[in-house]
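Before any comments, here is the structure.
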Number of protein chains: 2
Amino acid sequence: MNKVKTYKSDAFAAIHETMSGMYDAGVIDKKTMHRFDEACLTPVHAFTATEIKALREREEVSQSVFALYMNVSKDAVSQWERGVKKPAGPTLKLLSLVKQKGLSAIS
Amino acid sequence: MNKVKTYKSDAFAAIHETMSGMYDAGVIDKKTMHRFDEACLTPVHAFTATEIKALREREEVSQSVFALYMNVSKDAVSQWERGVKKPAGPTLKLLSLVKQKGLSAIS
DNA sequence: TTTGTATATCGTACCAGGTTCTATACATTT
DNA sequence: AAATGTATAGAACCTGGTACGATATACAAA
């Protein structure tokens with residue numbers, strides 16, 4: 001974390017570089033830098049079955065196509081929307097990305 | 001899939017809208033439209049343990065921070081890089097996104 | 001009407017990925 | 001010397017995701 005990362009030019013990159021510079025300059029410590037990384041992440045909250053279905057229908061795709069984007073089976077999507085299985089971990093992360101940035105964010 | 005989606009203005013959106021228009025006009029059928037959706041997705045290939053470690057080090061973050069981005073435990077990242085566990089499904093999708101667009105793509 | 005396609009539900013069963021816990025080791029920091 | 005950050009290691013557990021059918025509906029075309 002000592003070097004300044006080579007980011008694509010977006011808001012996040014700019015802020016991160018600024019923070020990295022502050023760390024390099026000794027203005028903030030590693031712990032703060034770590035907490036900053038946490039703060040930068042999109043919050044990953046749980047999704048209810050109906051929320052997932054609403055999200056998919058907002059994107060106007062079928063369960064099959066939605067499954068393709070998420071890289072899961074169509075059965076998985078069906079089970080999410082019926083409350084049979086509850087997505088977690090990386091799956092929640094993907095759902096959060098779609099909710100906040102749209103399907104194109106993960107295409 | 002009948003209506004044209006309200007996309008953010010990027011290349012993918014433009015192409016997708018064009019394709020949707022072609023579908024609405026009857027130029028292409030549903031099957032083609034579906035195959036188009038597949039083609040638009042970033043290919044999700046498997047990752048070896050060393051590839052994952054190299055990817056993380058390219059982004060210059062620790063296993064803990066990388067785990068935060070992926071929304072998994074730090075142990076999970078460690079297991080990936082040692083070949084103990086092999087990520088699949090949604091996890092592979094996230095790794096692919098990071099590889100092709102950088103960590104900022106999933107922040 | 002009949003046929004075919006696309007979509008979605010339902011049930012079963014299985015596998016393995018991810019979690020949690022603990023312990024160890026090393027380098028850096030204070 | 002003590003504390004912290006990073007990474008490895010192994011074990012047991014749980015459940016998410018997969019795969020296989022079968023069923024049902026809606027809609028368009030033959």
Side-chain angles (χ1 to χ4, degrees), chain A residues 1-3 20 23-38 44 46-50 52-57 59-96, chain B residues 1-3 20 23-38 44 46-50 52-57 59-96:
Chain A
M1 298 284 279
N2 281 335
K3 301 174 185 176
S20 295
Y23 169 69
D24 292 338
V27 180
I28 60 174
D29 59 3
K30 272 189 178 177
K31 191 172 296 182
T32 303
M33 187 65 203
H34 182 82
R35 293 203 171 283
F36 160 75
D37 274 327
E38 287 189 44
V44 176
F47 281 79
T48 68
T50 49
I52 296 177
K53 183 168 187 175
L55 176 59
R56 176 178 63 82
E57 292 179 338
E59 300 295 327
E60 291 180 314
V61 291
S62 65
Q63 288 182 344
S64 297
V65 172
F66 196 69
L68 281 173
Y69 278 86
M70 306 285 293
N71 199 33
V72 296
S73 67
K74 61 177 172 54
D75 298 271
V77 177
S78 175
Q79 286 164 346
W80 297 343
E81 297 187 356
R82 280 179 291 143
V84 178
K85 295 290 176 68
K86 298 178 181 178
T91 311
L92 279 184
K93 180 73 182 190
L94 280 175
L95 287 173
S96 296
Chain B
M1 299 281 279
N2 281 337
K3 303 174 184 177
S20 294
Y23 168 69
D24 293 336
V27 180
I28 59 175
D29 57 4
K30 274 190 179 179
K31 190 172 296 182
T32 303
M33 188 64 202
H34 181 81
R35 293 203 172 280
F36 160 75
D37 276 327
E38 285 190 45
V44 176
F47 281 79
T48 67
T50 50
I52 296 177
K53 183 169 187 175
L55 176 59
R56 177 178 62 82
E57 292 179 339
E59 300 294 329
E60 291 181 315
V61 290
S62 65
Q63 288 182 345
S64 297
V65 172
F66 196 70
L68 282 172
Y69 278 85
M70 305 286 294
N71 198 33
V72 297
S73 68
K74 61 177 172 54
D75 297 273
V77 177
S78 174
Q79 288 164 347
W80 298 343
E81 296 187 358
R82 281 180 291 143
V84 178
K85 296 291 177 67
K86 297 178 181 178
T91 311
L92 278 184
K93 179 73 182 190
L94 279 175
L95 287 173
S96 296

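These figures come from a predicted structure and were not determined experimentally.
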Per-helix bend value, the helix from C/dT1-D/dA30 to C/dT30-D/dA1, C1' rotation axes over five pairs per end, 10° rounding, shows 50°
Return the nearest nucleotide to the side chain of A/Asp75; candidates are D/dG10, D/dG21, C/dA8.
D/dG21
From the options D/dA9, D/dG17, C/dT9, select the nucleotide whose nearest atom is closest to the side chain of B/Arg82.
D/dA9
Distance below 4.0 Å between [X] side-chain N/O and [N] OP1 or OP2:
X	N	value
B/Arg56	D/dT6	no
B/Ser73	C/dT19	yes
A/Trp80	D/dG17	yes
A/Gln63	C/dT9	yes
B/Ser78	D/dA7	no

Atom-to-atom span, CG of B/Leu68 to C1' of D/dT6 - whole angstrom:
14 Å
Whole-Å gap separating P (C/dT19) and CE (B/Met70)
11 Å
Roughly how far apart are B/Glu57 CD and B/Phe66 CZ, rounded to 0.5 Å?
10.5 Å
Base, sugar-phosphate or nothing for A/Glu81? Non-hydrogen atoms, less than 4.0 Å.
nothing
Reckon A/Lys74 touches a base, only the sugar-phosphate, or nothing at all at heavy-atom distances under 4.0 Å?
nothing
